[in-house]
K.L.:
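Just dropping this structure here.
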Amino acid sequence: MNEGTEPLLRREFEEVTLPRLVAYAGAAGEVGVLHYDRAAARAAGHEDVTAHGMYAAGLIGVGLAEEYGLRSVRDLEVRFTAVLEAGDTPVLEVWPGEDGGRGRRALDFELSAGGRVVARGSAAIAADGSGS
Amino acid sequence: MSADRRRWRFEVRVERGKIVELARSLGARDPGFGTAGDPPSTLVAPPTFPVVVAHWGVANREQLVELGYDATRVLHGEERYAYPDGPLEEGERLEGETVVAEERETDSRSHGRLRIVRFHTELRRAADATLRVEIDRTVMEVER
């Protein structure tokens, strides 16, 4: 998607760490063993503990809201394509989308880490960044 | 929470502490999320805030088990949020309903037989039933 075109936005998030994933698990109320137990994660074939899919989606949501307005996000659709792991440094890139609807601006995005896309999708934001 | 086998109802309050906790874990840095600077008296919830409904009786994993899925073999496929009038805010009282919107099976070269289920959730303002957010979550039970 959008290969070779300059993104509207590029934001690098802080490194994914075990403490950060544990904090997220508590916040979201979603405690799965692959997210906090390195031995279990490695036994399942991962290099390290893995992030929740919704952790990746959460980064995307925060990244868009902080760039385009905290009250601006109207629609957010995320497809998960790979797993984020501890040690990854996720990067959000955003491009213009096709049709956001009346009064809305369409955006396409990818969240990637270590050369692989972990999530991609689309969003619609209020064109004026407002809350209604 | 009330439940039949394919429909769950619950209540949610958008709490200040939970907004800050979730936003901080995601590395948010805007004062409006309560994680930096001089936060306002009413915080804005991050777009994926409805994940916290797990604390209000609707944990997706438990729903899957109720439906006969093996939660240890479930992958998250897609997630969609639609906010007709903007984000949730601190202090809102909401009534939620989650239903099984779709179940189907298909084959995948990498994962074998897939059982796909889509949950549809609506959160409405308790005071007047105004729709605040719709959420579609698609998960897949993989064969291998």
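Keep in mind it's a predicted model, so treat the numbers as computed, not measured. Proteins get letters first, then strands, A, B, ... in listed order; numbering begins at 1 in each.
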K.L.:
What part of A/A65 lies closer than 4.5 angstrom to a heavy atom of chain B: side chain, backbone, both or neither?
P.N.:
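Side chain only.
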K.L.:
Among the options B/V44, B/L75, B/T138, pick out the one with the most heavy-atom pairs lying under 4.5 Å from chain A.
P.N.:
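Looking at each option in turn, the highest pair count goes to B/V44.
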K.L.:
At their closest point, which heavy atom of B/P87 faces which heavy atom of A/L70, and how far apart are they?
P.N.:
CG-O, 3.7 Å
K.L.:
Step through the shown structure and confirm whether more than 12 heavy atoms of other residues, nucleotides or ligands are within 6.0 Å of CD on A/E47.
P.N.:
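Check fails, neighbour count at 12 or below.
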K.L.:
Taking all non-hydrogen atoms of both residues, which atom of A/R20 and which atom of B/R24 are closest, and how far apart?
P.N.:
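Shortest heavy-atom separation between A/R20 and B/R24 comes out as NH1-O, 3.8 Å.
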K.L.:
According to a 4.5 Å side-chain heavy-atom criterion applied to Ile, Leu, Val, Met, Phe, Trp and Tyr, with indirect links allowed, do B/M140 and A/F80 form part of one hydrophobic cluster?
P.N.:
no
K.L.:
Mind ranking B/V52, B/L22, B/T48, B/L26 by heavy-atom pairs under 4.5 Å with chain A and telling me who comes out on top?
P.N.:
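Option with the greatest count: B/L26.
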K.L.:
Count the heavy atoms of every other residue, nucleotide or ligand shown that sit under 6.0 Å from CD of B/E11, and state whether that count exceeds 12.
P.N.:
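Not buried by this count: 12 neighbours or fewer within 6.0 Å.
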K.L.:
Has B/D38 got more than 12 heavy atoms of other residues, nucleotides or ligands less than 6.0 Å from its CG?
P.N.:
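Counting other residues, nucleotides and ligands, CG of B/D38 stays at 12 neighbours or fewer.
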K.L.:
Do you know which two heavy atoms are closest between A/Y55 and B/S25, and how far apart they sit?
P.N.:
CE1-O, 3.6 Å
K.L.:
Any idea which heavy atoms bring B/G86 and A/R74 closest together, and the distance?
P.N.:
CA-NH1, 3.4 Å
K.L.:
Do you know the tightest heavy-atom contact between B/F33 and A/E66?
P.N.:
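The answer is CD1-OE2, 3.6 Å.
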K.L.:
Among the options A/G26, A/A119, A/A57, pick out the one with the most heavy-atom pairs lying under 4.5 Å from chain B.
P.N.:
A/G26
K.L.:
Name the option with the most non-hydrogen atom pairs under 4.5 Å to chain A; the candidates are B/A45, B/G77, B/G27.
P.N.:
B/G77
K.L.:
Consider only side-chain heavy atoms of I, L, V, M, F, W and Y, link residues closer than 4.5 Å, and tell whether A/L107 and A/L9 are in one cluster.
P.N.:
yes
K.L.:
Tell me whether B/F49 shares a hydrophobic cluster with B/V20, the cluster being built from Ile, Leu, Val, Met, Phe, Trp, Tyr side chains joined at under 4.5 Å.
P.N.:
yes
K.L.:
Are B/L114 and B/V100 connected in a single hydrophobic cluster, I mean Ile/Leu/Val/Met/Phe/Trp/Tyr linked by side-chain heavy atoms less than 4.5 Å apart?
P.N.:
no
K.L.:
Any chance you could measure A/E77, atom CD, to B/E79, atom CD, to the nearest 0.5 Å?
P.N.:
10.5 Å
K.L.:
Heavy-atom distances under 4.5 Å only: say whether B/P50 touches chain A with side chain, backbone, both or neither.
P.N.:
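No part of B/P50 comes within 4.5 Å of chain A.
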K.L.:
Tell me whether the count of non-hydrogen atoms from other residues, nucleotides or ligands lying under 6.0 Å of CZ in B/R113 goes above 12.
P.N.:
yes
K.L.:
Heavy-atom distance under 4.5 Å to chain A: side chain of B/E134, backbone, both or neither?
P.N.:
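When you check distances to chain A, no heavy atom of B/E134 falls under 4.5 Å.
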K.L.:
Nearest 0.5 Å, what's the CG-OH distance between A/D75 and B/Y81?
P.N.:
12.0 Å
K.L.:
How many angstroms lie between CD in B/E89 and CZ in A/R71, if you round to the nearest 0.5 Å?
P.N.:
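Reported to 0.5 Å precision, the distance equals 4.0 Å.
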K.L.:
Are A/V83 and A/V118 in one and the same hydrophobic cluster, where Ile, Leu, Val, Met, Phe, Trp and Tyr link if side-chain heavy atoms are under 4.5 Å apart?
P.N.:
no
K.L.:
Do A/E14 and B/R29 have side chains that approach each other closer than 4.5 Å (heavy atoms only, starting at C-beta)?
P.N.:
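No, too far: nothing below the 4.5 Å cut-off.
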K.L.:
CZ of B/R93: more than 12 outside heavy atoms within 6.0 angstrom?
P.N.:
no
K.L.:
Look at A/V62, A/I60, A/L21, A/L34 and state which one has the largest set of heavy-atom pairs under 4.5 Å with chain B.
P.N.:
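Ranked by heavy-atom pairs under 4.5 Å with chain B, first place is A/V62.
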